[in-house]
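A quick write-up on the structure given underneath.
Positions are given from 1 along the sequence.
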Amino acid sequence: MVPLEIRRLIREMSLANPLWGALRIHGELLKLGIEIGQTSVAKYLARRRALPSQGWKTFLGNHADGIAAMDLFVVPTISFVCSTAF
């Protein structure tokens with residue numbers, strides 16, 4: 001059984017450093033002289049709920065001005081080099 005202090009420290013470290021996983025936190029704990037297994041660290045990490053990704057409707061609403069300004073067709077020139085028509 002992992003002591004309550006260590007569990008709280010693992011949770012605090014995972015909340016303060018959201019990009020750190022069990023491996024990194026395990027390494028930091030070892031540097032502090034705390035002998036604990038990596039699987040135990042993973043067990044006590046703070047669980048984060050993933051944010052829902054935006055849907056197409058939101059994406060189009062956020063980027064409508066940039067999408068409307070896109071080039072919509074290409075006109076070949078006499079030298080057969082395609083140029084973009086505005």
Side-chain angles (χ1 to χ4, degrees):
M1 180 76 174
V2 178
L4 181 60
E5 288 180 1
I6 305 299
R7 288 184 279 164
R8 285 183 179 162
L9 179 60
I10 293 168
R11 182 172 172 76
E12 183 180 337
M13 290 174 76
S14 68
L15 290 173
N17 304 290
L19 298 179
W20 288 11
L23 180 64
R24 175 72 185 263
I25 293 175
H26 178 250
E28 296 296 323
L29 292 172
L30 290 176
K31 289 178 189 175
L32 295 172
I34 299 171
E35 295 290 329
I36 186 172
Q38 184 178 336
T39 54
S40 295
V41 172
K43 180 179 177 181
Y44 296 113
L45 286 177
R47 303 285 182 233
R48 286 181 208 82
R49 180 179 287 194
L51 297 175
S53 61
Q54 67 180 356
W56 278 106
K57 185 176 181 181
T58 306
F59 175 81
L60 292 173
N62 290 338
H63 302 285
D65 57 336
I67 293 171
M70 271 187 342
D71 301 331
L72 299 177
F73 55 93
V74 176
V75 177
T77 61
I78 194 78
S79 64
F80 298 105
V81 175
C82 293
S83 66
T84 308
F86 294 100

What pair of heavy atoms forms the shortest contact from Gln38 to His26, and how long is it?
N-CD2, 3.5 Å

If you measure from OG on Ser40 to CE on Met1, what distance do you get to the nearest 0.5 Å?
10.5 Å

Check: Ser14 side chain, Leu45 main-chain N or O, donor-acceptor pair, under 3.5 Å
no

Under 6.0 Å from the CD atom of Glu12, do we count more than 12 heavy atoms belonging to anything else shown?
no

According to a 4.5 Å side-chain heavy-atom criterion applied to Ile, Leu, Val, Met, Phe, Trp and Tyr, with indirect links allowed, do Leu32 and Ile10 form part of one hydrophobic cluster?
yes

Where is the tightest heavy-atom contact between Leu29 and Met13, given as atom of each residue plus distance?
CD2-SD, 3.9 Å

Would you say the side chains of Glu28 and Asn17 form a donor-acceptor pair under 3.5 Å?
no

So, for Ala46 and Leu15, which heavy atoms are closest and what is the spacing to 0.1 Å?
CB-CD2, 3.6 Å

Would you please classify the geometry between the His63 ring and the Phe59 ring as parallel, tilted or perpendicular, with 30° and 60° separating the classes?
tilted

Rounding to 0.5 Å, atoms CZ (Arg11) and CD1 (Ile25) come to a distance of 11.5 Å

Indicate yes or no for a side-chain donor-acceptor contact from Arg7 to the backbone of Tyr44 under 3.5 Å, with no hydrogens or angles considered.
no

Show, in sequence, the C-alpha distance, side-chain angles and deciding distance for Ile34 and Leu9, and conclude whether the side-chain contact (heavy atoms from CB on, under 4.5 Å) test is met.
CA-CA 11 Å; Ile34 299 171; Leu9 179 60; 3.8 Å; yes

